[in-house]
Amino acid sequence: MAAAAGLTAIALTDHDTQSGIADARAEAARSGIEMIAGAELSLEWVQGAMHMVVLFLEPGLGPLQDRLAELREGRTERNNRIVERLAELGIPISEAEILDLAGGESVGRPHIAAVMVSRGYVESIFEAFDRYLAWGKPAYMARPRLSPEEAIGLALESKAVPILAHPHTLGLNTSDEVTATLKRLAGAGLVGIECYYPLYSPFEREGYAALAERFGLKPSGGSDYHGTYKPDVELGIGRGNLAVADELLDALRPA
């Protein structure tokens with residue numbers, strides 16, 4: 001798919017796992033595309049949602065790599081509590097169904113939502129989140145998360161590159177909040193911020209790039225492709241108008 005889209009590089013950044021990296025690298029080599037290993041983390045953040053994409057994180061042993069297993073265990077425990085709560089709400093689904101649909105190590109709410117759709121309890125993944133699984137909804141359950149500083153520190157110790165993903169989800173409402181947050185993260189060693197994202201207009205992309213420059217961060221980007229879980233987003237090009245330049249990737253490479 002990446003080759004057909006004309007991409008020169010692709011990053012695989014599943015949540016809390018790197019189990020697909022080896023297969024992806026083998027296929028990328030056959031397709032003549034650079035494959036960048038990584039992972040995505042959901043961090044402690046009370047105002048909204050803070051996700052961090054960690055690029056150039058090599059599979060194996062390492063400070064952050066070792067913590068991923070603990071994060072997956074916390075995710076599994078959270079999923080079990082969600083299943084129990086859904087049953088109480090008259091929406092019985094099984095852990096086996098979720099695992100079978102997910103087909104990998106990183107199992108989360110989107111997979112639960114997909115099972116709910118397949119069983120006819122809701123019409124879409126969006127509806128599953130909107131009615132049951134999102135924060136503040138009846139089946140939402142929290143799980144252990146790293147603090148932003150801890151995640152950045154572990155990424156840097158692992159010789160990887162921490163990047164603030166889709167910053168619009170942070171729930172920041174004023175310029176003072178934006179300034180304080182980016183100062184905090186940059187001070188902790190954050191390397192980059194995702195400026196080129198499918199949902200952003202050209203104006204917003206330019207604005208985030210200016211913010212990156214202001215706080216000494218490197219601009220990054222990507223389609224945040226999730227397959228059937230985000231059917232309106234295409235690999236590499238987002239909603240049709242996304243283009244992430246090779247120069248951005250070159251600037252993000254670890255020294």
Can you check whether [Y]'s main-chain N or O pairs, donor with acceptor, with [X]'s side chain at less than 3.5 Å?
| X | Y | answer |
| --- | --- | --- |
| Ser223 | Gly236 | yes |
| Trp135 | Tyr140 | no |
| Thr181 | Val178 | no |

Any side-chain heavy atom of [X] sitting closer than 4.5 Å to one from [Y]?
| X | Y | value |
| --- | --- | --- |
| Pro110 | Phe129 | yes |
| Gln65 | Gln18 | yes |
| Arg145 | Leu43 | no |
| Asp14 | Leu12 | yes |
| Ile152 | Val191 | no |
| Leu99 | Val107 | yes |
| Tyr121 | Val115 | no |
| Val117 | Ile125 | yes |

Give, for atom [atom1] of [X] and atom [atom2] of [Y], the distance between the pair rounded to the nearest 0.5 Å.
| X | Y | atom1 | atom2 | value |
| --- | --- | --- | --- | --- |
| Leu185 | Leu217 | CG | CG | 8.0 Å |
| Ile112 | Asn79 | CD1 | CG | 4.5 Å |
| Asp23 | Met35 | CG | CE | 10.0 Å |
| Met50 | Ser147 | CE | OG | 9.5 Å |
| Ser158 | Leu57 | OG | CG | 6.0 Å |

Which pairs pass salt bridge (Lys or Arg N to Asp or Glu O under 4.0 Å) with one or both residues in [range], sequence neighbours excluded?
| range | answer |
| --- | --- |
| residues 200-214 | none |
| residues 66-76 | Asp16-Arg75, Arg67-Glu70, Arg67-Glu150, Arg72-Glu105 |
| residues 39-51 | none |

Partner set under side-chain hydrogen bond (donor to acceptor under 3.5 Å, both in side chains) for [X], not counting sequence neighbours:
| X | answer |
| --- | --- |
| Tyr132 | none |
| Arg78 | none |
| Tyr197 | Asp224 |
| Glu27 | Arg30 |

**Report entry** Within residues 86-101 or reaching into it, pairs that qualify as side chain to side chain donor-acceptor pair (under 3.5 Å) - sequence neighbours excluded
**Finding:**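 Only Arg85-Glu88, Ser94-Glu97, Glu97-Arg119 qualify under side chain to side chain donor-acceptor pair (under 3.5 Å).
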Query raised in the report: salt bridge (charged side-chain N to carboxylate O under 4.0 Å, His left out) with Asp176: which residues, sequence neighbours excluded?
Result: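 Testing Asp176 for salt bridge (charged side-chain N to carboxylate O under 4.0 Å, His left out), a comparison that skips the adjacent residues, returns none.
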Query raised in the report: Just checking, any donor-acceptor pair under 3.5 angstrom between side chains of Glu34 and Thr8?
Result: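 On atom types as modelled, these side chains do not qualify, holding no pair under 3.5 Å.
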Requested in this report: Step through it carefully: locate the ring centre of His168, locate the ring centre of Tyr200, and say whether they are under 6.0 Å apart.
Outcome: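 Here the rings of Tyr200 and His168 have centres that are less than 6.0 Å from each other.
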Connected via hydrophobic side-chain network under 4.5 Å: [X] and [Y]:
| X | Y | answer |
| --- | --- | --- |
| Ile21 | Met52 | no |
| Leu41 | Leu154 | yes |
| Ile163 | Leu248 | no |

Closest approach of [X] to [Y] (non-hydrogen atoms, all atoms of both residues):
| X | Y | value |
| --- | --- | --- |
| Ala3 | Ile33 | N-CD1, 3.3 Å |
| Leu190 | Pro162 | CD1-O, 3.4 Å |
| Leu71 | Arg143 | O-NH1, 4.3 Å |
| Leu235 | Ala5 | O-CB, 3.9 Å |
| His51 | Ser42 | NE2-OG, 3.3 Å |
| Ala212 | Ile193 | CB-CG2, 3.4 Å |

Query raised in the report: Between Ile82 and Arg109, does a side-chain contact (heavy atoms from CB on, under 4.5 Å) hold up when you go through it step by step?
Result: CA-CA 9 Å; Ile82 291 176; Arg109 288 178 295 165; 3.8 Å; yes
Report task. Begin from the C-alpha positions of Leu199 and His166 and carry the test side-chain contact (heavy atoms from CB on, under 4.5 Å) through to its verdict. Result -> CA-CA 9 Å; Leu199 297 182; His166 38 68; over 6 Å; no
Query raised in the report: Could Lys159 and Glu58 be called an ion pair, given the rule that one side-chain N must be under 4.0 Å from one carboxylate O?
Result: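 A salt bridge is absent here (no side-chain N lies under 4.0 Å from a carboxylate O).
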Requested in this report: Determine, for Glu247 against Arg253, whether the closest basic-nitrogen to carboxylate-oxygen distance falls under 4.0 angstrom.
Outcome: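 Arg253 and Glu247: not salt-bridged.
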Requested in this report: Would you check, one step at a time, whether the test side-chain contact (heavy atoms from CB on, under 4.5 Å) holds for Ile93 with Ile98?
Outcome: CA-CA 8 Å; Ile93 61 175; Ile98 300 167; 3.9 Å; yes
Taking side chain to side chain contact (heavy atoms under 4.5 Å, CB included) as the definition, give me every residue that meets it alongside [X], ordered by chain and number, with sequence neighbours left out.
| X | answer |
| --- | --- |
| Phe126 | Ser124, Asp130 |
| Asp232 | Lys230, Arg239 |
| Ile237 | Glu234 |

Requested in this report: Test side-chain contact (heavy atoms from CB on, under 4.5 Å) on Leu164 and Leu182 and set out the steps.
Outcome: CA-CA 10 Å; Leu164 178 65; Leu182 292 182; 4.1 Å; yes
